[in-house]
Amino acid sequence: MFSYQQVHNWVKKYLSKGENGLKDNRGKRIENRDKAELTDTEKVELKLKEAEDRIRRLEAENFMLKKLHEFQRRSIK
């Protein structure tokens, strides 16, 4: 599970830089290489990383929507 602070940091990065703000820029960048140059293993790693990134974005979005819903529900009372 992710901490509140981690999600908060992701949201700040997303709001300030969009999807590019959420990209991991550490280490060797497989996704920047020509796909024809990648080995089968690297292609699988790239696909897995893209899926994990999408899951993180969706989890952050879900978390923020839940907080928004909670805030709206409390402000109505």
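Start at 1 with the first residue, then count along the sequence. Quantities reported herein were computed from a predicted structural model and do not represent experimental measurements.
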Taken in chain and number order and not counting sequence neighbours, the residues that satisfy side chain to side chain contact (heavy atoms under 4.5 Å, CB included) with L68 are Q72

Check: residues 6-17 side-chain donor-acceptor pairs under 3.5 Å, at least two apart:
unit_1, atom_1, unit_2, atom_2, d
N9, OD1, Q5, NE2, 3.2
N9, ND2, Q5, O, 3.4
S16, OG, K12, O, 3.1
S16, OG, K13, O, 3.2

Under the side chain to side chain donor-acceptor pair (under 3.5 Å) rule, collect the residues that match up with R56, sequence neighbours excluded.
D53

Does any non-hydrogen side-chain atom of L58 lie less than 4.5 Å from one of E61?
yes

R74 side chain reached by E70 side chain, heavy atoms, under 4.5 Å:
yes

Should Y4 and F2 be regarded as members of a common hydrophobic cluster, given that ILVMFWY residues are connected when their side-chain heavy atoms come within less than 4.5 Å of each other, either directly or indirectly?
yes

Check the pair I55 / E52 against side chain to side chain contact (heavy atoms under 4.5 Å, CB included), numbers first and verdict last.
CA-CA 5 Å; I55 289 169; E52 289 171 341; 5.5 Å; no

Cluster partners of M1, using ILVMFWY side-chain heavy atoms under 4.5 angstrom, listed by chain and number?
none

So which residues get pulled into L65's cluster when ILVMFWY side chains under 4.5 Å apart are joined, directly or through others?
none

Applying side chain to side chain donor-acceptor pair (under 3.5 Å), can you list everything that pairs with N62, at least two apart in sequence or on another chain?
none

